[in-house]
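So that the names make sense, note that chain A is the first sequence line, chain B the second, and so on, each numbered from 1.
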Amino acid sequence: MDEKSIGFKERLRRITLKILKATIKAALLYGVYFVLSMFLAPISDVVPGFQQMVETFVTVYLFLMILGEITSGTVFQHFFGAAKALFVILYLIFSLNGGVITLYFQGAQLMVDIRLFLMVAILLSLLGFAKSVLQAINFLNEKAQMESLKF
Amino acid sequence: MKISIKMISIATTFLWLFLITFCVSVAYSIKDVQFNFEEPNVSVTKKNELLFSLPISIFNKGYYNIDSFNLTTKVLDRESFTLACQSTFVPVIEKNKRTIVNHTVTVNFNDLLQNSQDYLFNDTELKLYMIVGMKLADVIPVQVSTNLSLPWGAPLYNFTIGKIRYGVDNATRVKATIPISFENHAPFDLNGTVKIKIYNNNDVFLGDGETSIEAPQGSSYQDYVEVSVKNAETISDSGRLEVYIQTSLFSYGPMVISYG
């Protein structure tokens, strides 16, 4: 159906559905975070600021995810998908201090080298970014095809 | 294009799941590794060096092997001079197995004395720098380092020379009796000799005497050294003593002590 020809009720129904879908997805993701946070609680005692770090990540990720869901059916959905992937990359680099984590605990210095993990995570996020770019290209391509069919 | 996008989505999801599961399992694996440091032993080697031995029991109850376990200990004196540095390397600590590692550090006592002879007579502290390195699940290197202070007990703590007593040895000689005492606070038994030379206030050598010492760790030692003086006329109220201590671990002397 043409976007211009649909009525107000239909639009409202679609937006409500999108918001509902976004809410359910966000609630599910938050549920997963809530369960994981219970397992991560002992780490929070050892690593100062860990809880806050994870909370920031979840908040921004959820925000981008909700925006992506609300803008679904438009090209912006893919923009937000790409933004999400880029955010994950930057967040991992900064929060993991380039892959070498140094902690001080009861007079001892603990150094964990997770550069390999970071590299794999960045590569996966780049794959996610590439997917969003491809989706955006595909979306625009399909839209252009639809419009050319109208003429 | 849709198929390739779908394939990327599926692959990414699986790889993320694999990565997260792996990380969580490694984190839980570390939690189940038990390190037990047993009572350290101190002994003396054939080369007359102090040997500190620390048995470590590692029970790896985790899901992965621990590779390249490396324990390095550096013993430093108060001035941060390295006295000993030794490493113990275990290539693999297998999962669900108990591995006992015996970490040893040898300290040359003469190296310790080269910097300060205070270690012979005063209790003090040595610095201990420990680094434990390992590779978790073949891919995650972890290193823990800590600075500790190691109490050092002096082998000749409170070394004291008492008042010299003179007596008749025979018709021509005088016998000087010099009391000595100290406490062995060191983590080893002390066996050796103490030699004392007496000089009068004009720097004239009067005579010398020697006694053997045997002081187990933690014990007090009291004895005397007898010196036979040839010419009684050379004895003066004041003068100096030269003390030489010879043990299997170290040689020390002359320690000059004035008397009178």
Notebook entry, point to check: With only heavy atoms counted, which part of L134(A) is less than 4.5 Å from chain B, the side chain, the backbone, both or neither?
Noted result: both
Note to self: Suppose we screen for ring-ring contact (aromatic ring centres under 6.0 Å, His included). Which residues come up paired with F80(A), at least two apart in sequence or across chains?
What the structure shows: none
Next item on the list: Go through the structure and list residues passing side chain to side chain contact (heavy atoms under 4.5 Å, CB included) with N191(B), not counting sequence neighbours.
Entry: D189(B), E214(B)
Margin query: To the closest 0.5 Å, what do you measure between CG (L124(A)) and CZ (F14(B))?
Written below: 13.5 Å
Checklist line | Partner set under side-chain hydrogen bond (donor to acceptor under 3.5 Å, both in side chains) for S181(B), not counting sequence neighbours | finding: none
Margin query: Counting only heavy atoms from other residues, nucleotides and ligands, does the tally under 6.0 Å from CZ of F63(A) exceed 12?
Written below: no
Notebook entry, point to check: Heavy-atom distance under 4.5 Å between the side chains of L116(A) and I140(B), does that happen here?
Noted result: no
Note to self: Taking atom CD as the centre, does E79(B) end up with more than 12 heavy-atom neighbours from other residues, nucleotides or ligands that are less than 6.0 angstrom away?
What the structure shows: yes
Checklist line | Under 4.5 Å from a heavy atom of chain B, the part of A121(A) involved | finding: both
Which N or O donor-acceptor pairs, by atom type, sit under 3.5 Å across chain B and chain A?
residue	atom	partner	partner atom	Å
K2(B)	NZ	E142(A)	OE2	3.2
S9(B)	OG	K131(A)	NZ	3.4
P141(B)	O	D113(A)	N	2.9
Q143(B)	N	M111(A)	O	2.8
Q143(B)	O	M111(A)	N	2.7
S145(B)	N	Q109(A)	O	2.8
S145(B)	O	Q109(A)	N	2.7
S145(B)	OG	Q109(A)	OE1	3.2
T146(B)	OG1	G107(A)	O	3.4

Notebook entry, point to check: Has F18(B) got more than 12 heavy atoms of other residues, nucleotides or ligands less than 6.0 Å from its CZ?
Noted result: no
Margin query: Counting only heavy atoms not in Y157(B) (residues, nucleotides, ligands), do more than 12 fall under 6.0 Å from its OH?
Written below: no
Check: From L123(A) CG over to L15(B) CG, what is the distance, rounded to the nearest 0.5 angstrom?
Finding: 10.0 Å
Margin query: Taking atom CD1 as the centre, does I3(B) end up with more than 12 heavy-atom neighbours from other residues, nucleotides or ligands that are less than 6.0 angstrom away?
Written below: no
Next item on the list: Drop me the distance from L19(B)'s CG to F117(A)'s CZ, to the nearest 0.5 angstrom.
Entry: 5.0 Å
